Undergrad: 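Mind looking over this structure? Questions follow.
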2 protein chains.
Amino acid sequence: MAGIKDVAKTAGVSVSTVSYVLSGKRPISSKTTDKVLKAIEELGYIPDASAQKMRGQLNHIIAISEPMHEGMNQMQYSAYFMQSAWQARSAGYDVLLLTGPDAVADIERVTHSNLVDGVLLLDVEERDARVAAAARYRKPCVAIGLPKSHKDCACIDIDFAKMGRRSADRLFALGHRQVALLRAQEIDYERHAGYVLLFREEFLARADEIGLDVFESGPVDNATFDARRFVSDMLSRNPRPTALVSQSGVSILNLTVTALMAAGLKIPEDISVLSCGTFLRDEPMRRPVSEEPFEPERLCAIAMGSLISSIEKRQSIAGEVTLIDPKFIDRGSLASAPRNVGSGDGGFSVSASFGGRQADLAQADSAQADVETSASESIASASQSRNLEGEPMD
Amino acid sequence: MAGIKDVAKTAGVSVSTVSYVLSGKRPISSKTTDKVLKAIEELGYIPDASAQKMRGQLNHIIAISEPMHEGMNQMQYSAYFMQSAWQARSAGYDVLLLTGPDAVADIERVTHSNLVDGVLLLDVEERDARVAAAARYRKPCVAIGLPKSHKDCACIDIDFAKMGRRSADRLFALGHRQVALLRAQEIDYERHAGYVLLFREEFLARADEIGLDVFESGPVDNATFDARRFVSDMLSRNPRPTALVSQSGVSILNLTVTALMAAGLKIPEDISVLSCGTFLRDEPMRRPVSEEPFEPERLCAIAMGSLISSIEKRQSIAGEVTLIDPKFIDRGSLASAPRNVGSGDGGFSVSASFGGRQADLAQADSAQADVETSASESIASASQSRNLEGEPMD
DNA sequence: TTGTAAGCGTTATCAT
DNA sequence: ATGATAACGCTTACAA
């Protein structure tokens with residue numbers, strides 16, 4: 001392994017000259033510079049990272065903490081993760097990924113041993129042990145997420161509270177008075193993922209304030225969720241909800257949208273759909289859904305930016321909180337509330353259609369496939385009967 | 001920051017004693033050990049990683065190279081990635097992730113600068129620049145994948161060639177003589193992802209040898225794939241394929257399975273479906289599909305194991321190739337070929353059903369949603385007509 | 001403009 | 001069983 005001494009010898013100069021050529025911290029004659037550069041090239045010299053760091057230089061490594069846990073949305077987190085890695089690399093930093101179960105210990109280890117220059121916390125929960133322990137890390141630390149207590153850690157997040165209130169307002173403004181709320185996976189509430197709780201709380205509170213009637217779904221679990229049932233429950237209310245706000249993931253949202261359409265409802269004419277705290281951009285959807293999204297790029301860029309600036313300026317950012325204004329992406333699934341949605345009027349009496357079919361189901365295969373298919377069949381009859389009533393076939 | 005000197009001072013011993021207490025490379029009296037340990041505890045001392053490495057110690061960091069590229073299957077690669085990270089951590093190694101576009105430069109940088117002890121290459125293509133440059137890395141390097149030339153790099157992969165041949169044999173043995181091959185995304189062939197090419201080649205070659213007639217899909221692109229059309233094309237052949245082998249990703253496979261069922265075909269009675277080179281385990285499927293899967297855990301465990309052993313034994317593994325026997329996961333989507341599948345006989349004339357509906361479609365909304373719905377509608381009629389023919393409703 | 005040498009925090013060799 | 005110290009490869013203050 002060629003070291004700085006070898007370069008110096010080859011170039012016929014002293015080691016300090018080589019060092020200064022590399023760092024540019026001292027003027028060097030162009031003749032000498034050339035010799036040195038040539039020697040470096042020739043020997044394929046790359047400075048030893050450890051020796052540099054021993055001299056107090058930065059390591060240019062950032063730890064990203066993202067402990068794996070049950071039921072994590074890989075897509076979603078890898079989006080954050082990839083974005084952060086990209087941002088870090090663009091700024092000349094490598095990324096050390098910490099996924100182990102004992103995150104705090106890992107972070108202490110890599111910060112105390114001077115392995116990394118800073119720490120980024122992903123997937124932060126409402127009460128996050130990593131954030132709570134931030135004071136003990138000897139390096140700057142930024143969290144994406146806003147836990148309850150965060151006095152020793154910089155936090156950056158979308159303003160989910162505002163998102164909740166704004167969503168309620170948005171639907172109200174469109175004339176909706178009855179809305180359904182499709183919950184996120186129960187597991188997300190249980191682990192107290194800050195954003196799901198915050199959004200839901202504020203949404204419900206605001207809805208209550210302005211007189212928006214909310215029908216909230218039961219607990220949701222990706223494995224067992226029954227979209228037809230949820231839709232059927234929702235539509236059997238009187239008056240029925242004219243809008244659906246969803247906190248759930250893509251697959252469940254897709255199933256629900258499918259079930260809504262299967263129930264003969266057109267989006268957005270008959271029912272508005274709004275997905276909040278999701279990241280649908282690259283997801284294949286049954287039908288595009290308007291969204292108040294996560295914004296991995298924006299969040300990660302801001303977080304990484306302030307982390308790196310804190311590192312390089314050597315100035316603490318502990319306790320700083322940055323809340324980002326939520327964005328709204330219009331994908332055409334929101335419209336003014338339809339009139340006359342009570343049962344027995346010009347609207348569809350979908351529950352009847354479902355009910356009729358449900359009797360049949362008892363005899364049918366219990367395979368999910370068939371259940372879904374039969375949902376489609378009942379649409380067929382729904383549109384047929386609509387047609388008989390002289391309504392346009394659309 | 002407390003260093004080893006501080007510990008020595010506090011404990012009232014010399015620095016070497018502290019070092020030996022930590023490394024255990026020299027017998028120390030228990031009395032002294034206690035004093036030292038207490039001091040370490042008291043000061044929260046953690047050795048400086050760089051100083052350790054300057055003394056020739058291992059860094060316990062492994063670089064994982066996984067350049068981001070267009071159209072990469074995030075789910076799939078994050079599976080490999082997460083597995084590797086997990087394996088590394090279990091062995092006491094941290095993971096440095098290299099995702100930058102200039103992978104070779106990054107790897108050279110981190111190996112030459114002694115930042116990492118070894119390198120794992122993920123997402124290796126048929127002609128992989130990273131593998132080709134392996135001789136220049138000054139650290140052990142293992143690739144998951146089997147590129148054309150690999151003399152300076154250890155390679156570990158599933159035996160996709162064998163998988164291809166075996167899949168052909170498997171279907172043949174079940175009596176299938178006509179099979180459809182649903183290609184992977186075109187972009188995967190274009191970037192010469194080793195496994196897609198290898199599998200397809202060997203599958204086709206073996207099919208040819210044993211007399212298996214293969215109807216291969218056109219180019220596939222996630223964004224524009226039309227499952228109904230593919231199924232319709234496939235079923236319009238005479239005799240129609242009785243089995244489908246798929247190299248495509250989950251979403252496309254799901255769409256295709258849905259379309260098959262929508263066309264009135266039961267899996268596996270009417271058509272067998274086999275997915276190869278995929279990783280469906282945790283994916284929500286329309287219907288379970290038997291699979292010759294990727295095996296991230298197994299591959300990563302083996303790869304990481306040999307990498308770490310090469311690191312710790314300081315013995316080269318360049319050029320070693322390990323091919324893993326492919327596994328078959330039975331999810332009940334494979335059965336013996338049905339008899340009488342020619343058009344006009346006891347089978348379904350599905351293309352007619354599609355054809356009839358297609359005329360209607362011209363007037364319908366062009367939204368994808370409606371297209372899919374109508375596919376479902378045509379099932380309804382298909383099963384109805386079957387019923388009229390006195391067949392069991394299932 | 002360039003060279004010399006101290007020192008970063010460890011580990012390992014040589015003493016005791 | 002323990003201590004003193006050289007060495008690792010680099011950066012930088014000081015010297016020339």
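Computed from a predicted structure; not experimentally measured. Just so we're on the same page: letters track the sequence lines, and every chain starts at 1.
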Undergrad: In residues 38-60 of chain A, what residues come within less than 4.0 Å of DNA chain C, judged by heavy atoms?
TA: A:M54, A:R55
Undergrad: Closest approach of B:C153 and B:V131, non-hydrogen atoms and distance?
TA: CB-CG1, 3.8 Å
Undergrad: Can you name the side chain to side chain donor-acceptor pair (under 3.5 Å) partners of A:D157, sequence neighbours left out?
TA: none
Undergrad: Please report the closest heavy-atom contact between B:A49 and A:L115, naming both atoms and the distance.
TA: CB-CG, 4.2 Å
Undergrad: Shortest non-hydrogen contact from B:H150 to B:V321?
TA: NE2-CG2, 3.4 Å
Undergrad: Starting at atom CZ of A:R138, determine the distance to atom P of C:dG9, rounded to an integer number of angstrom.
TA: 13 Å
Undergrad: Which pair of non-hydrogen atoms, one from B:I302 and one from B:I324, has the smallest distance, and what is that distance?
TA: CD1-CD1, 3.3 Å
Undergrad: In whole angstrom, give the distance that lies between atom NE2 of B:H112 and atom P of D:dG9.
TA: 16 Å
Undergrad: When all nucleic acid strands are considered with a 4.0 Å heavy-atom cut-off, which category describes B:V15: base, sugar-phosphate, or nothing?
TA: base
Undergrad: Please report, rounded to the nearest Å, how far the C1' atom of D:dT11 is from the NZ atom of A:K5.
TA: 14 Å
Undergrad: Report yes or no: is there a donor-acceptor pair, N or O only, under 3.5 Å between the side chain of B:T17 and the base of D:dG3?
TA: no
Undergrad: Looking at A:D106 and A:R109, is there a salt bridge between them, counting it only when a charged N and a carboxylate O are closer than 4.0 Å?
TA: yes
Undergrad: Could you check whether A:F279 and A:F294 have their ring centres less than 6.0 Å apart?
TA: no
Undergrad: Report the distance from atom CD1 of A:I4 to atom P of D:dC8, rounded to the nearest whole Å.
TA: 15 Å
Undergrad: Do side-chain atoms of B:S19 reach the backbone of B:V15 as a donor and acceptor pair under 3.5 angstrom?
TA: no
Undergrad: Could you check which residues of residues 19-37 of chain A get a heavy atom under 4.0 Å from DNA chain C? Sort them by number, please.
TA: A:R26, A:P27, A:I28, A:S29, A:T32
